Protein chains: 2
Amino acid sequence: MTTRRTGLREQKKQATRDALRTAALRLALERGPDNVRVDDIAEAAGVSPRTYNNYFSSREQAIVAAVTGEREARVAAAVAARPADVGLADAVIEAVVDQYTAPDAAGRDALLLITTRPALREAFVEATTAIEHPLAEAIAARVGDGGEHQHAARVLAASVAAAVRVALDQWLSATVSSVTAGGLVVPSGSLPDLLRAALAPLAPALDAADRARGGGTRDDGPAGRA
Amino acid sequence: MTTRRTGLREQKKQATRDALRTAALRLALERGPDNVRVDDIAEAAGVSPRTYNNYFSSREQAIVAAVTGEREARVAAAVAARPADVGLADAVIEAVVDQYTAPDAAGRDALLLITTRPALREAFVEATTAIEHPLAEAIAARVGDGGEHQHAARVLAASVAAAVRVALDQWLSATVSSVTAGGLVVPSGSLPDLLRAALAPLAPALDAADRARGGGTRDDGPAGRA
DNA sequence: ACGCAAACTTGCGTGCGCGCACTTTTCTGG
DNA sequence: CCAGAAAAGTGCGCGCACGCAAGTTTGCGT
């Protein structure tokens, strides 16, 4: 239903997209990002270079996509999955934290690569924009479909994305400075904390929107923001 | 203090920047944006093409810059200028609305041009990102310099920027659809309304931050409007 | 089963963004 | 007033992004 636009077409497309980003990441890891031409990626994925940028509008985007995956859909799904009585703020915060807390054992070196190269870092941060629309729909579904709510949902989703961006910026700058300063590469385990801290200031807005819907009461609480 | 980096250097730089964006807009209006090569802009401004993209990283950016001007600084200044007793939300909202309510009599046709071309529209919307940092500082100045507040200010500034982006998106899509649908080009006079509507959902968050400010009374010192 | 329409791919050409090394201009200390 | 340093401007070259106009594949109706 949701993904059922067409059968074979969409399937092949997805396969190509995945082949491209996988190849991009693999090559970037093997030779270093600067020694990877677009043509190489295209060749590795078995398509023409022109087709490559039918899928990605920059080389960085392709590499990063291998790591970000389908995060946008997962965040939205996570929000939708939370029971309706937990309060919008908590639902969103936990959903986001869950999805960005990547126990990416496999993609750990990929992240190291990304955090190292400025261009990749920018693309990585920029990729969070993708959650806006799915998240807006998820929030709208919780808050109500009224035109008024629709707009609020969009704004809140954009704000959440912005907050995530800020958190990632902090995380990355902290990482780079720790690398620069000491020899120690802090694994930056505090991303979840940074995310919570960045999202906390938005909680009042989210809760206000939540409260303004049809009329549910909610209990605050267990997340304990302080 | 703010502009006191160097004397002649900065001055010339600013002049060049302005010459470039002015030339870019003028040429775009004269021949249509697609008939303007980067070389033309550079030549019109009296610099080399290479120098041109030391200032702007895309052709669209230069054209748009002629219209957006120094908006980022003005928004921040406007926020700082509001008396301390109006509440952060109102201060921000009014400051933003004021700056985006461009009675641009001169730049009206420029806006028409921008709203017409998709690439320019995107650049125009993207330009709002520039207000983030100045606005963050302005908010931080109001809320308090504590590390905790600093972060909140950054998030809130980013959220405000995101909300503005949403409002502009709506405004632009409304414009384009009205052009497409009827023959009437709605002058889209409702931008201020859209901005207020987009910023409204953030008011609770802004006020919450305002209320949580650290040390009670404060004085702005230099920026104080007396 | 077949053919038409829509979607996707591809080759080509053009302008552009930007790293690099170098020249010219501006700033600073003596 | 004059070096030497710092910063801005410039020329060159390389990939790359993307519009365009084919060619090719997939899907749908009859």
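Naming convention: chains lettered A, B, ... in sequence-line order (proteins, then strands); numbering from 1 in each chain. Remember, predicted model here, so these are calculated numbers, not experimental data.
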Taking atom P of dC18(D) as reference, at what distance in whole Å does atom CZ of Phe56(A) sit?
13 Å
Any N/O donor-acceptor pair, Arg50(B) side-chain to dG9(D) base, under 3.5 Å
no
Between CD of Glu10(A) and C1' of dA7(C) the distance, given in whole Å, is 11 Å
What nucleotide, of dA17(D), dT25(C), dC8(C), holds the atom closest to the side chain of Arg9(A)?
dC8(C)
Most 5' of Thr16(A) and Glu60(B) on DNA chain C, judged by nearest nucleotide
Thr16(A)
Does Ser48(A) place a side-chain N or O at less than 4.0 Å from the phosphate oxygens OP1/OP2 of dT10(C)?
yes
Nucleotide dC18(D), atom P - distance to CG of Asn53(A) in whole Å
7 Å
Thinking salt bridges, do Glu94(B) and Arg196(B) make one under a 4.0 Å N-O criterion?
yes
Nearest-neighbour nucleotide for the Arg59(A) side chain, dC16(D), dG17(C), dT26(C) considered:
dC16(D)
Rounded distance (Å) that lies between atom C1' of dG15(C) and atom CD1 of Ile41(B):
12 Å
Within residues 19-27 of chain B, those residues having any heavy atom closer than 4.0 Å to DNA chain D are none
Expressed as a whole number of angstroms, how long is the span from Asp40(B):CG to dC16(C):C1'?
13 Å
For Lys12(A) and dA7(C), give me the distance from atom NZ to atom C1', rounded to whole Å.
12 Å
Check whether any side-chain N or O of Lys13(A) sits under 4.0 Å from OP1 or OP2 of dA7(C), and answer yes or no.
no
For Asn54(A) and dT25(D), give me the distance from atom CG to atom P, rounded to whole Å.
17 Å
Residue pair His133(B) / Glu72(B), side-chain donor-acceptor N/O under 3.5 Å:
no
Note: for Gly46(A) and Tyr52(B) on DNA chain C, the residue whose nearest nucleotide lies more 5' is Gly46(A)
What integer distance in Å separates Glu122(A):CD from dC18(C):C1'?
13 Å
Establish, for the pair Arg21(B) and Phe56(B), whether the NZ or CZ atom is under 6.0 angstrom from the six-membered ring centre and no further than 45 degrees off its axis.
no
Quick check on dA8(D): is either OP1 or OP2 less than 4.0 Å from any side-chain nitrogen or oxygen of Tyr55(B)?
no
Looking at dT10(D), I'd like to know if its phosphate oxygens (OP1 or OP2) sit under 4.0 Å from a side-chain N or O belonging to Thr51(B).
yes
Does Arg26(A) come within less than 4.0 Å of Asp40(A), counting only side-chain N to carboxylate O?
no
Decide, yes or no, whether a salt bridge links Arg74(B) with Glu70(B) under the criterion of side-chain N to carboxylate O below 4.0 Å.
no
